Trainee: 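Could you have a look at this structure, given as structure tokens, before my questions?
Just so you know, these numbers use all the heavy atoms, side chains as well, and skip hydrogens, waters and symmetry mates. All values reported here derive from a predicted model rather than from experimental measurement.
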Amino acid sequence: MDLLNRVKDAGVIGAGGAGFPTHAKLAAKAEYILLNGAECEPLLRVDQQLMAEFSEEIIKGLEAAGQYIEARKAVIGIKGKHKAIVKLLREKITALGLEDYMEVMELRDIYPAGDEQVLVYELTKRVVPEASIPLKVGCVVINSETALNIFNALSGKPVTETYLTLAGDIPNRLTVKVPVGMPIRELLRQCGLENGDDYAVIDGGPMMGSLLDGIDGYVTKKSKGFILLKKDHFLIRKKSVNINQGRVISKTACEQCRMCTDLCPRYLLGHDMQPHKVMRALSYDLKDLKELQIAQLCCECNACELFSCPANLHPKTVNIFYKQKLAEQGIRYQPTQVEFQPRSARDYRLIPSKRLVAKIGLTLFDQPAPLTTIQFKPEYLEIGLRQHIGAPSQPIVNLGQHVEAGQMIGKIPENSLGAPVHASMAGTVVEIKDNSIVVKVG
């Protein structure tokens, strides 16, 4: 069985973000394969610790993927501030005899260095066209945990666990390996909080993560972290504003200062993403589809909403509002050019991570979250059938059936984009829902 089918059968997806199935990325040929180790979201610590703990495995997984897509070069992008990890990776690459094929490039400590299109430019000086993907400029991008999962897939090990960081205003900050399907409520007990009634939880990083509606959800293959903050914290109040509220607030107060545009990462790459124009369309109820369509270029990094806007408005929320409206009408942005150049002011408008952390009120919580081994013993697992972009997996088990750890329990529909799912612990199938399979552990 070749690498592509092993990766597909193992259910490897992007470990974070939208969860794009990795086998679909590796089905193409590219000049570069890039490892995204930037981990630009404040407080998250997974990628840097995996590269320290599993450097050889990650390098081998990256190499295997690179050779499969016939990439002439593999590049690991990691922030230069992680000096010890940079040194370790370079030593491992040399020890494995890969120094002519693979290199480590140090990234600046900016936000969002981990955005795929920002990363591609920082590592290759190529700009991905508007509304396109890195493959358009000869690049395939995976992150460190995905590379580790590719390495494991080569030996037949499916994705049944994920690494995530627990951080925020809590006594115990840590990074842990967690079985997929683990109840979030049980996971959060490890944080040392005696009473969580005054807290809210952000699923993912503080910038792009969303507020959990309660804590009765379950860990997925793309879970990267949970940030716990008191309900009166700036970030929680900001993220509690829904689309309609954000639209009303923005319509009444935007003064067209264009700071949201001047600091927009995609605008600085030369794209036509100009949030202030979308805000103007909202404020004056403009019907110009050209100004509305640029909302579809927004990568939702939240820099405009949480850092740039001096009036504390909601440009990203307004972009999402128009994205939804355009999608309902079947309208898609049509680029007018194919080649792009970064704007001349880009180097002077990058957002330093430390300034971002201070702006969103996280400086006190920007602390280490060491990789910690915990043997989780949940009573139940709820394993999602849609943990990825594409069609949901279809159950291939029955009620009352005993399943073993690593056994495939959900399969990709024929000729569909998706990824299978596997039991992360042995147990009995007690419920099959529309979007998940519940396993009683034991």
Trainee: Under 3.5 Å, is there a donor-acceptor pair linking the side chains of Arg126 and Tyr121?
Mentor: no
Trainee: Phe340 and His271: aromatic ring centres closer than 6.0 Å?
Mentor: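 That pair passes the under 6.0 Å test.
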Trainee: With distance as the sole test, does Tyr101 use its side chain to make a donor-acceptor pair with the main-chain N or O of Ala71 at under 3.5 Å?
Mentor: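 Yes; judged by distance alone, with no hydrogens or angles, the pair exists.
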Trainee: Between the side chain of Thr220 and the main-chain N/O of Lys222, is any donor-acceptor distance below 3.5 Å?
Mentor: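 Yes, the answer is positive, given that a donor and an acceptor are paired below the 3.5 Å cut-off.
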Trainee: So do the side chains of Glu41 and Pro206 get within less than 4.5 Å of each other, counting heavy atoms only?
Mentor: yes
Trainee: Walk me through whether Asp232 and Arg237 qualify under salt bridge (charged side-chain N to carboxylate O under 4.0 Å, His left out).
Mentor: CA-CA 6 Å; Asp232 61 355; Arg237 289 187 283 110; over 6 Å; no
Trainee: Between Tyr333 and Glu130, is any side-chain donor less than 3.5 angstrom from a side-chain acceptor?
Mentor: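 Judged by distance alone, the side chains do pair up.
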Trainee: State, to 0.1 Å, how close Val120 and Cys139 come at their nearest heavy-atom pair, and which atoms those are.
Mentor: CG1-SG, 4.1 Å
Trainee: Would you say the side-chain atoms of Gln401 and Thr428 include a donor-acceptor pair closer than 3.5 Å?
Mentor: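 The criterion, which ignores hydrogens and geometry beyond distance, is not satisfied for Thr428 and Gln401.
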Trainee: Among Lys136, Arg266, Lys25, find the residue that satisfies the salt bridge (charged side-chain N to carboxylate O under 4.0 Å, His left out) test when tested with Glu116.
Mentor: Lys25
Trainee: Okay, side chain of Gln49, backbone of Val46: is any donor-acceptor separation there less than 3.5 Å?
Mentor: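 No, the answer is negative, given that no donor and acceptor are paired below the 3.5 Å cut-off.
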Trainee: Between Lys73 and Glu31, does at least one N-O distance fall below 4.0 Å, as a salt bridge requires?
Mentor: no
Trainee: Check this for me, if you would: do Arg90 and Glu106 make a salt bridge, where the nitrogen-to-carboxylate-oxygen distance has to be below 4.0 angstrom?
Mentor: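 Result for this pair is yes, salt bridge flagged.
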Trainee: Walk me through whether Val140 and Leu135 qualify under side-chain contact (heavy atoms from CB on, under 4.5 Å).
Mentor: CA-CA 6 Å; Val140 166; Leu135 190 62; 4.0 Å; yes
Trainee: Report the residue from Ile58, Asn143, Leu89, Asp47 that forms a side chain to side chain contact (heavy atoms under 4.5 Å, CB included) with Leu35.
Mentor: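 Answer after filtering Ile58, Asn143, Leu89, Asp47: Ile58.
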Trainee: What closest approach, in Å, do Cys264 and Met273 show between heavy atoms, and which atom pair accounts for it?
Mentor: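 Nearest heavy atoms, Cys264 then Met273: SG-CG, 3.6 Å.
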Trainee: Identify the two heavy atoms, one from Lys224 and one from Gly16, that lie closest to each other, and give their separation to 0.1 Å.
Mentor: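 Answer, listing the atom of Lys224 first, then Gly16: CG-CA, 3.6 Å.
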Trainee: List the steps, then state whether salt bridge (charged side-chain N to carboxylate O under 4.0 Å, His left out) holds for Arg45 with Asp366.
Mentor: CA-CA 10 Å; Arg45 305 286 187 256; Asp366 190 16; 2.6 Å; yes
Trainee: Does CZ in Arg355 sit with more than 12 non-hydrogen atoms of other residues, nucleotides or ligands closer than 6.0 Å?
Mentor: no
Trainee: Please walk me through it: do Asp197 and Lys231 pass salt bridge (charged side-chain N to carboxylate O under 4.0 Å, His left out)?
Mentor: CA-CA 9 Å; Asp197 293 344; Lys231 291 179 180 178; over 6 Å; no
Trainee: Count the heavy atoms of every other residue, nucleotide or ligand shown that sit under 6.0 Å from CG of Asp213, and state whether that count exceeds 12.
Mentor: no
Trainee: Among Asp347, Val127, Leu268, which residue satisfies the side chain to side chain contact (heavy atoms under 4.5 Å, CB included) criterion with Pro342?
Mentor: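 The side chain to side chain contact (heavy atoms under 4.5 Å, CB included) with Pro342 is passed solely by Val127 among Asp347, Val127, Leu268.
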Trainee: Do Phe226 and Leu187 make a side-chain contact, defined as non-hydrogen atoms from C-beta onward lying under 4.5 Å apart?
Mentor: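 Sidechains of Leu187 and Phe226: in contact.
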Trainee: side-chain contact (heavy atoms from CB on, under 4.5 Å) for Lys377 and Val441? Distances and angles first, verdict last.
Mentor: CA-CA 8 Å; Lys377 297 180 180 179; Val441 178; over 6 Å; no
Trainee: For Ser436 and Glu382, which I'm curious about, is there any donor-acceptor pair between the side chains at under 3.5 Å?
Mentor: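 The answer is yes; a qualifying pair exists.
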Trainee: With a cut-off of 6.0 Å (strictly less than), are more than 12 heavy atoms of other residues, nucleotides or ligands near NZ of Lys29?
Mentor: yes
Trainee: I would like to know whether Ser55 and Lys92 meet side-chain contact (heavy atoms from CB on, under 4.5 Å); could you show each step before the answer?
Mentor: CA-CA 7 Å; Ser55 56; Lys92 289 286 186 181; 3.5 Å; yes
Trainee: Does Ser308 use its side chain to pair, donor to acceptor, with the backbone of Ala303 at less than 3.5 Å?
Mentor: yes
Trainee: Between the side chains of Thr146 and Thr22, is a donor N or O closer than 3.5 angstrom to an acceptor N or O?
Mentor: no
Trainee: Tell me the closest heavy-atom pair linking Gly11 and His422, and the distance in Å.
Mentor: N-CE1, 3.9 Å
Trainee: If we only count heavy atoms from C-beta on, is the Asp272 to Tyr267 side-chain gap below 4.5 Å?
Mentor: no
Trainee: Cut-off 3.5 Å, side chains only: do Glu161 and Ser424 have a donor facing an acceptor?
Mentor: no
Trainee: Would you check if Ile59 and Ile93 make a side-chain contact, meaning some heavy-atom pair closer than 4.5 Å?
Mentor: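 In short, these two side chains touch, coming nearer than 4.5 Å.
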Trainee: Is there a side-chain contact between Leu62 and Ile142 (heavy atoms, below 4.5 Å)?
Mentor: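 They are in contact (side-chain heavy atoms under 4.5 Å apart), so the answer is yes.
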Trainee: Among side-chain atoms of Ser353 and Asp109, is any donor-acceptor pair under 3.5 angstrom?
Mentor: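 A pair is found: one side chain offers a donor N or O, the other an acceptor, under 3.5 Å apart.
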Trainee: A side-chain contact here means heavy atoms from C-beta on lying under 4.5 Å apart; do Leu188 and Leu193 qualify?
Mentor: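 No, their side chains stay 4.5 Å or more apart.
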Trainee: Please determine whether side-chain contact (heavy atoms from CB on, under 4.5 Å) holds for the pair Ser240 and Leu211, giving the CA-CA distance in whole Å, both sets of side-chain angles, and the decisive distance to 0.1 Å.
Mentor: CA-CA 7 Å; Ser240 297; Leu211 274 184; 3.3 Å; yes
Trainee: Are the side chain of Gln407 and the backbone of Glu404 linked by a donor-acceptor contact shorter than 3.5 Å?
Mentor: yes
Trainee: Testing His314, Arg247, Glu300 for side chain to side chain contact (heavy atoms under 4.5 Å, CB included) with Ile320, which one passes?
Mentor: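 Only one of His314, Arg247, Glu300 forms a side chain to side chain contact (heavy atoms under 4.5 Å, CB included) with Ile320, namely Glu300.
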Trainee: Using a 6.0 Å distance limit plus a 45 degree cone around the ring axis, check whether Lys60 lies over the aromatic ring of Phe151.
Mentor: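 Because its charged atom misses either the 6.0 Å distance or the 45° angle limit, Lys60 does not stack over Phe151.
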Trainee: For the backbone of Val219 and the side chain of Ser223, can you confirm whether one donor and one acceptor N or O come within less than 3.5 Å of each other?
Mentor: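 Flag not set: sc Ser223 to bb Val219 has no pair under 3.5 Å.
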Trainee: With heavy-atom distances below 4.5 Å as the criterion, would you say the side chains of Ile150 and Leu26 are in contact?
Mentor: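 SC-SC contact between Ile150 and Leu26 confirmed.
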Trainee: Taking atom NZ as the centre, does Lys238 end up with more than 12 heavy-atom neighbours from other residues, nucleotides or ligands that are less than 6.0 angstrom away?
Mentor: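 For Lys238, atom NZ is crowded (more than 12 foreign heavy atoms under 6.0 Å).
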Trainee: Is a side-chain donor or acceptor of Tyr32 paired with a backbone partner of Leu123 at a separation under 3.5 angstrom?
Mentor: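 No, because the side chain of Tyr32 does not come within donor-acceptor range (under 3.5 Å) of the backbone of Leu123.
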Trainee: Where is the tightest heavy-atom contact between Pro265 and Pro112, given as atom of each residue plus distance?
Mentor: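 Smallest heavy-atom distance, with atoms named: CG-CD, 3.3 Å.
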Trainee: Are the side chain of Asp2 and the backbone of Asn5 linked by a donor-acceptor contact shorter than 3.5 Å?
Mentor: yes
Trainee: Quick one: do Thr162 and Glu145 satisfy side-chain hydrogen bond (donor to acceptor under 3.5 Å, both in side chains)? Show the steps, please.
Mentor: CA-CA 8 Å; Thr162 189; Glu145 188 171 354; 3.2 Å; yes
Trainee: Counting N and O atoms only, with roles assigned by atom type, does the side chain of His388 sit under 3.5 Å from a partner on the main chain of Ala391, one being a donor and the other an acceptor?
Mentor: yes
Trainee: Can you check whether Val421 reaches Leu385 side chain to side chain, under 4.5 Å on heavy atoms?
Mentor: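 When only atoms from C-beta onward are counted, Leu385 and Val421 do touch, with a gap below 4.5 Å.
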Trainee: How close do Ile236 and Ala200 get, heavy atom to heavy atom, and via which atoms?
Mentor: CG2-CB, 3.7 Å
Trainee: Is it the case that more than 12 heavy atoms not belonging to Lys359 sit under 6.0 Å from its NZ atom?
Mentor: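 Count over threshold, so yes.
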Trainee: Could you tell me whether the side chains of Lys221 and Asn149 share a donor-acceptor contact shorter than 3.5 Å?
Mentor: no
Trainee: Is the side chain of His23 donor-acceptor paired with the backbone N or O of Gly418 at a distance under 3.5 Å, no angle test?
Mentor: yes
Trainee: Does Lys125 NZ have over 12 foreign heavy atoms under 6.0 Å away?
Mentor: yes
